[in-house]
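A quick write-up on the structure given underneath.
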Amino acid sequence: MNGMNGSYEVKNGEQISHRKRSLAVTEFIQGLLTKNDDETHVVFCQLDTLTKKDEEVIWRESARWVKYEEDVEENGKRWSKPHVASVTLHNVLELRTQMFGGALVLDADVTNIPQLADLIIEELSKNKTITENTKSLIRSSLLARHVHPHLKRRRISTADSGGNIITQCSMPKTSSAADFAKMKARQHAEGRGETNGHLPESSPLIKLNKPFMKKIPEGAQVANVWVGEIEDLKEPITAFIRLDKPRAIGDLTEVPLPTRFIFLHLSPVGEPGHIFAIGRAMSNMMVDVIFSEVAYKAKSREDIMHGFDEFLDQTTVLPPGQWDPEIRLEPPTKVPSQEGRRRFESIAEEEHSDPTLVRTGRLFGGLIEDIKRKVPFYISDFKDGFHIQCLGAVLFMYLATLTPNITFGALLGQSTQHYMGTMECIVAVAFVNLVFALFGGQPLIIMGSTGPVLVLEIILYTMCRDSDWDFLPFRCLVGLWSALFLLIIVAFDLSALVRYITRFTEESFACLIAIIFIVESFKKIFSIADTHPFNTHPEIPLDYTCFCVPSNQSSVYNMTTVPLTTYAFNSTTDTITNWTNVQREDCARLGGVLEGSGCGTTVYHDNVFFLSFIIGVGTFGVAWALVNMKKSTFFPTVVRQTIGDFAVFISICSMVLLDVLLGVPTPKLMVPNTIQPSRPDRPWFISPYSAHNPWWVWIATALPALVAVILIFMDQQITAVIINRKENKLKKGCGYHLDLTITTFCLVVCSFFGLPWYVAATVRSMAHVNSLKMESECTAPGEKPVFLGCREQRLTPLIIAILNGCSVFMTSILQLVPMPVLYGVFLYMGVSALRGMQFMDRMMIMLMPAKYQPDHMYLRHVRIKRVHLFTFFQILCLGILWAIKAIKTISIVFPVMVLGTCFVRKGMERIFSKNELKWLDELMPEDKMMKQEDEGELIVDDDDMDDEDDDGPIEFLQLKKYRKIGSVEHMPWNLKQDSKTKYRKGPDDESIV
């Protein structure tokens with residue numbers, strides 16, 4: 001019995017199970033694909049059906065495939081929405097039967113349609129599948145012209161042409177694909193359009209669909225599928241032709257691409273739609289990655305048949321009655337890779353540790369390796385920044401870094417009696433980010449102010465004030481000691497300890513900072529009500545009767561009568577003051593007093609607060625909606641991507657314009673307009689020596705320096721780990737040692753010039769990376785854009801640093817920006833930083849019933865109660881970190897407590913099994929793990945499976961030292977029944993499942 005039609009086949013008198021035959025077919029295909037070096041290309045498939053229109057026989061384009069199927073609708077006036085093509089198993093088996101007995105020519109040397117027709121007829125004659133009477137009928141059908149939906153052709157009759165239309169369609173000889181490309185380039189240079197063969201573009205037959213070319217990958221070749229019904233045929237005929245070279249033959253295809261494959265299926269008139277289903281089945285196979293590669297590399301009919309069998313083995317059958325075949329399936333968001341079908345390999349498990357975080361064993365060895373790793377990319381780091389997306393990132397991040405810097409400067413000035421204030425912060429942010437952008441190991445990191453640094457500065461100032469010491473020299477010594485300790489860390493490659501920071505610590509830290517941004521944004525917006533209160537009882541009338549009168553007349557001034565115009569002599573200005581026109585806030589300055597029954601009534605500014613709330617939340621809402629527009633179905637792809645890149649800038653501009661048009665006096669951004677120290681009596685350069693400080697301070701400052709080192713190291717390196725996540729797909733390498741070296745240099749300079757110490761700002765760095773994420777531009781119709789990585793370059797942080805330094809010269813523009821708009825930007829940064837965190841997903845799952853829970857990897861392999869327990873511990877750590885950061889008196893130990901989460905994670909190994917922690921705290925990008933499991937390629941170490949608590953739904957299969965994990969739908973039923981199934985040895989002595 002044939003293996004495709006029954007469970008067994010007979011070979012050498014022995015029955016071979018279908019499973020064994022399937023494995024043999026898979027091995028054969030893998031050998032064919034790996035041992036054959038013939039070049040392959042992406043296939044664009046076009047399905048034409050033989051149609052009769054006005055007594056003329058034509059080939060009418062009915063469907064096309066770049067990756068998903070598109071059908072012609074509304075009588076050829078429009079294309080359908082791209083959808084996953086579903087075909088019946090019966091049609092695929094029928095196609096296989098026809099291909100087994102049909103004509104097959106590999107590497108045919110034909111250059112035009114008449115030659116192609118002669119070749120097909122000759123091969124069909126050899127198989128004795130056609131008679132002499134049907135040869136001319138088939139030939140005339142093959143020579144019929146091809147009609148494409150994008151053309152508005154005039155009707156061509158035999159009277160217009162002066163003869164038979166078929167004679168007119170005989171196309172002259174064309175060149176190879178290389179010559180065809182040269183011809184297109186030459187005609188493009190001459191200002192002429194594309195051609196088909198040697199015909200001019202003015203011909204109605206060859207006007208090509210050039211706009212659609214943007215959706216087809218470069219280098220693609222065409223598979224033309226022709227199906228039709230002919231009344232005089234007795235039996236179906238099938239032919240499959242592969243050209244020896246890709247050629248543009250006549251008007252076969254709607255796009256200017258060369259043809260490589262031609263499939264013909266003609267049958268007698270029968271069931272409506274049957275031949276179209278056969279054509280769809282063949283088209284689906286031709287755009288399949290593996291079968292198309294088999295079609296390129298096949299040397300015989302047997303190879304093609306094995307390709308059919310492999311395709312059938314990978315086909316999933318949907319049972320009737322459980323779905324509607326008429327419904328078009330939406331293309332999936334993620335499509336699994338087909339590499340598992342191409343080769344059978346054990347994919348080694350990715351380790352948690354970054355290879356760049358391995359100690360070299362020599363002084364400054366890690367720093368030297370970082371420099372060697374980054375130097376080859378240095379020029380491209382600037383070239384890659386010349387992109388429109390980078391402009392949007394600069395405009396967004398400039399205001400996102402300027403505003404918190406000014407706020408930090410104001411707080412720092414109040415806490416240190418303006419020894420350091422807003423101007424010092426502006427200079428520091430410009431200098432530090434400039435140096436880091438030019439020489440940093442990871443230039444995508446944005447340096448900025450942090451809460452623990454502010455607390456440390458306040459503690460150092462308080463210590464100096466209470467001891468009557470000079471603050472800035474004392475602080476300079478602390479900075480120098482800190483720089484020395486950090487240099488020792490770099491020298492001995494101690495940054496390698498970062499590899500012990502897992503997802504547990506990363507997400508706890510990043511989530512905390514993001515939540516702080518969200519909470520502070522709302523606190524800042526609602527704090528506007530303190531300076532601009534709103535009336536909660538508008539029904540109560542307000543009494544604002546209040547006058548400013550000279551202090552020497554206040555006792556005799558009669559408030560019950562209409563006030564007379566009273567004049568007083570102002571000795572300061574030598575003018576007469578009209579007291580009735582004096583404002584409340586100016587009364588005391590002019591020597592007057594306020595009198596009246598309404599002097600104590602609060603002046604409400606309802607419009608100010610409510611408009612501030614609207615534009616603050618509106619800024620977030622508009623930015624969020626425009627960013628998500630990248631995934632919407634409105635507008636062309638280029639428009640959506642451009643709007644998404646400039647989303648935050650557009651939202652800022654729109655809200656600023658709204659504020660200007662309404663004219664409500666909302667709080668505005670205030671920037672210093674002169675470059676000078678915040679405190680007039682302090683110099684720019686700070687000497688570590690001071691006569692007011694005792695000599696032993698030079699040694700004692702090493703103690704607070706240790707605290708500063710822990711703070712700087714943890715803030716800097718945790719942010720670097722988050723930015724360098726494998727999920728971000730960064731390709732230019734990390735530079736932890738180099739980053740810390742540049743931070744040390746900036747620390748020394750800032751200490752000598754009395755500037756704040758800046759470290760990596762987590763949320764701002766994450767926002768910078770998110771604004772530079774790239775997606776594929778050329779996607780097949782229906783295919784979702786693929787995340788390609790981030791635009792790694794140094795230009796955006798460099799320009800952001802320069803703009804921050806030039807802010808003092810742009811006060812006239814910046815003072816138009818309302819502060820609530822910037823609070824909305826902070827809200828957006830905080831919310832966007834939470835997106836994609838596994839920690840947030842697990843917290844949401846705690847509120848979901850089991851049937852609505854998403855299909856995450858860790859839910860496949862870890863019991864839901866254990867997942868919730870792990871999430872509970874993470875929430876507990878987050879709450880402790882929040883409490884420590886909120887209490888000012890102990891917030892200095894915040895970095896130490898962040899370090900403590902690493903020890904908490906280590907201690908959780910006593911509660912959770914190694915396998916559970918592997919899935920819940922794995923750093924491998926989850927989408928990659930999902931693909932590997934779906935294809936049966938994910939490898940788990942045997943030692944992980946010894947835990948008796950692991951009772952997940954997936955059986956783990958023995959494969960030498962490893963076990964291969966596959967999802968339920970991809971695992972054979974017999975392997976699910978018995979995890980101890982024996983495995984036979986393949987030809988290379990490898991275990992095969």
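By convention here, the first residue in the shown sequence is residue 1. What you are looking at is a predicted structure, and each value in this text was computed from that prediction instead of being measured.
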Donor-acceptor pairs are to be reported for all side-chain atoms of residues 102-110 against protein atoms at under 3.5 Å, with residues two or more places apart or in another chain.
from: Asp107; atom 1: OD1; to: Arg242; atom 2: NE; distance (Å): 3.3
from: Asp107; atom 1: OD1; to: Arg242; atom 2: NH2; distance (Å): 3.2
from: Asp107; atom 1: OD2; to: Arg242; atom 2: NH2; distance (Å): 3.3
from: Asp109; atom 1: OD1; to: Arg247; atom 2: NH2; distance (Å): 3.4

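- Counting heavy atoms from C-beta on, the side chains of Val84 and Pro332 come closer than 4.5 Å.
- For the atom pair OG of Ser300 and CG of Leu32, the computed distance is 8.5 Å after rounding to the nearest 0.5 Å.
- More than 12 heavy atoms of other shown residues, nucleotides or ligands fall within 6.0 angstrom of atom NZ in Lys731.
- Annotation: side-chain contact (heavy atoms from CB on, under 4.5 Å) contacts of Asp37 (sequence neighbours excluded): none.
- With sequence neighbours left out, Glu330 forms a salt bridge (Lys or Arg N to Asp or Glu O under 4.0 Å) with Lys81.
- Taken from CG in Asp48 to CD1 in Ile58, the straight-line distance is 10.0 Å, to the nearest 0.5 Å.
- For residues 274-299, every residue pair satisfying the ring pair (Phe, Tyr, Trp, His ring centres under 6.0 Å) rule, not counting sequence neighbours, is listed here: Phe261-Tyr296, Phe291-Phe308.
- Among all heavy-atom pairs drawn from Ala144 and Val57, the shortest one is CB-O, 3.3 Å.
- Closest approach of Ile230 and Ser141 over heavy atoms only: CD1-OG, 3.7 Å.
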Q) Could you go step by step and tell me if Leu312 and Leu93 meet the side chain to side chain contact (heavy atoms under 4.5 Å, CB included) rule? A) CA-CA 9 Å; Leu312 285 167; Leu93 294 175; 3.9 Å; yes
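- Distance check: Ser62 OG to Leu50 CG gives 10.0 Å after rounding to the nearest 0.5 Å.
- For the residue pair Gln115 and Asn112, the shortest heavy atom distance occurs at N-OD1, 2.9 Å.
- For Thr259, the side chain to side chain donor-acceptor pair (under 3.5 Å) partners two or more places apart in sequence, or in a different chain, are Asn224.
- With contacts defined as side-chain heavy-atom distances shorter than 4.5 Å, the pair Leu143/Pro114 qualifies.
- For Trp226 and His146, the distance between ring centers is under 6.0 angstrom.
- In plain terms, the two heavy atoms of Met286 and Ala223 that are nearest each other are CE-CB, 4.0 Å.
- Figure legend: cation-pi geometry between Lys773 and Phe787, with NZ or CZ positioned under 6.0 Å from the six-membered ring centre and within 45° of its axis.
- The ring pair (Phe, Tyr, Trp, His ring centres under 6.0 Å) check on Phe100 picks up nothing, with sequence neighbours excluded.
- Under the rule for a ring pair (Phe, Tyr, Trp, His ring centres under 6.0 Å), the partners of His306 that lie at least two apart in sequence or sit in another chain are Phe28.
- In this structure, the separation between CZ on Arg96 and CE on Met305 is 6.0 Å, given to the nearest 0.5 Å.
- For the atom pair CD1 (Ile262) and CG (Leu252), the distance works out to 6.0 Å, reported to the nearest 0.5 Å.
- For Glu310, the side chain to side chain donor-acceptor pair (under 3.5 Å) partners two or more places apart in sequence, or in a different chain, are Arg341.
- Asn284 meets the side chain to side chain donor-acceptor pair (under 3.5 Å) test with Trp65; sequence neighbours excluded.
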**Q.** Stepwise side chain to side chain contact (heavy atoms under 4.5 Å, CB included) check, Phe311 with Asp288
**A.** CA-CA 9 Å; Phe311 181 86; Asp288 178 67; 4.0 Å; yes
Q.
Quick one, Gln98 with Ile237, criterion side chain to side chain contact (heavy atoms under 4.5 Å, CB included). Give me CA distance, side-chain angles, the key distance, then yes/no.
A. CA-CA 8 Å; Gln98 293 295 327; Ile237 60 172; over 6 Å; no
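- Arg260 meets the side chain to side chain donor-acceptor pair (under 3.5 Å) test with no other residue; sequence neighbours excluded.
- Checked against side-chain contact (heavy atoms from CB on, under 4.5 Å), Pro325 has the following partners two or more places apart in sequence or in another chain: Trp323.
- When Leu95, Val225, Ile278 are each tested for a side-chain contact (heavy atoms from CB on, under 4.5 Å) with His265, only one passes: Ile278.
- Salt bridge present: Arg64 and Glu70 bring a charged side-chain N and a carboxylate O closer than 4.0 Å.
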Q | side chain to side chain contact (heavy atoms under 4.5 Å, CB included) evaluation trace for Thr26 with Ile29 | A | CA-CA 5 Å; Thr26 301; Ile29 293 300; 6.0 Å; no
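- Applying the side-chain contact (heavy atoms from CB on, under 4.5 Å) criterion to Thr88, with sequence neighbours excluded, gives His90, Asn91.
- Trp59 does not carry Arg145 over the face of its six-membered ring by the limits of under 6.0 Å from the centre and within 45° of the normal.
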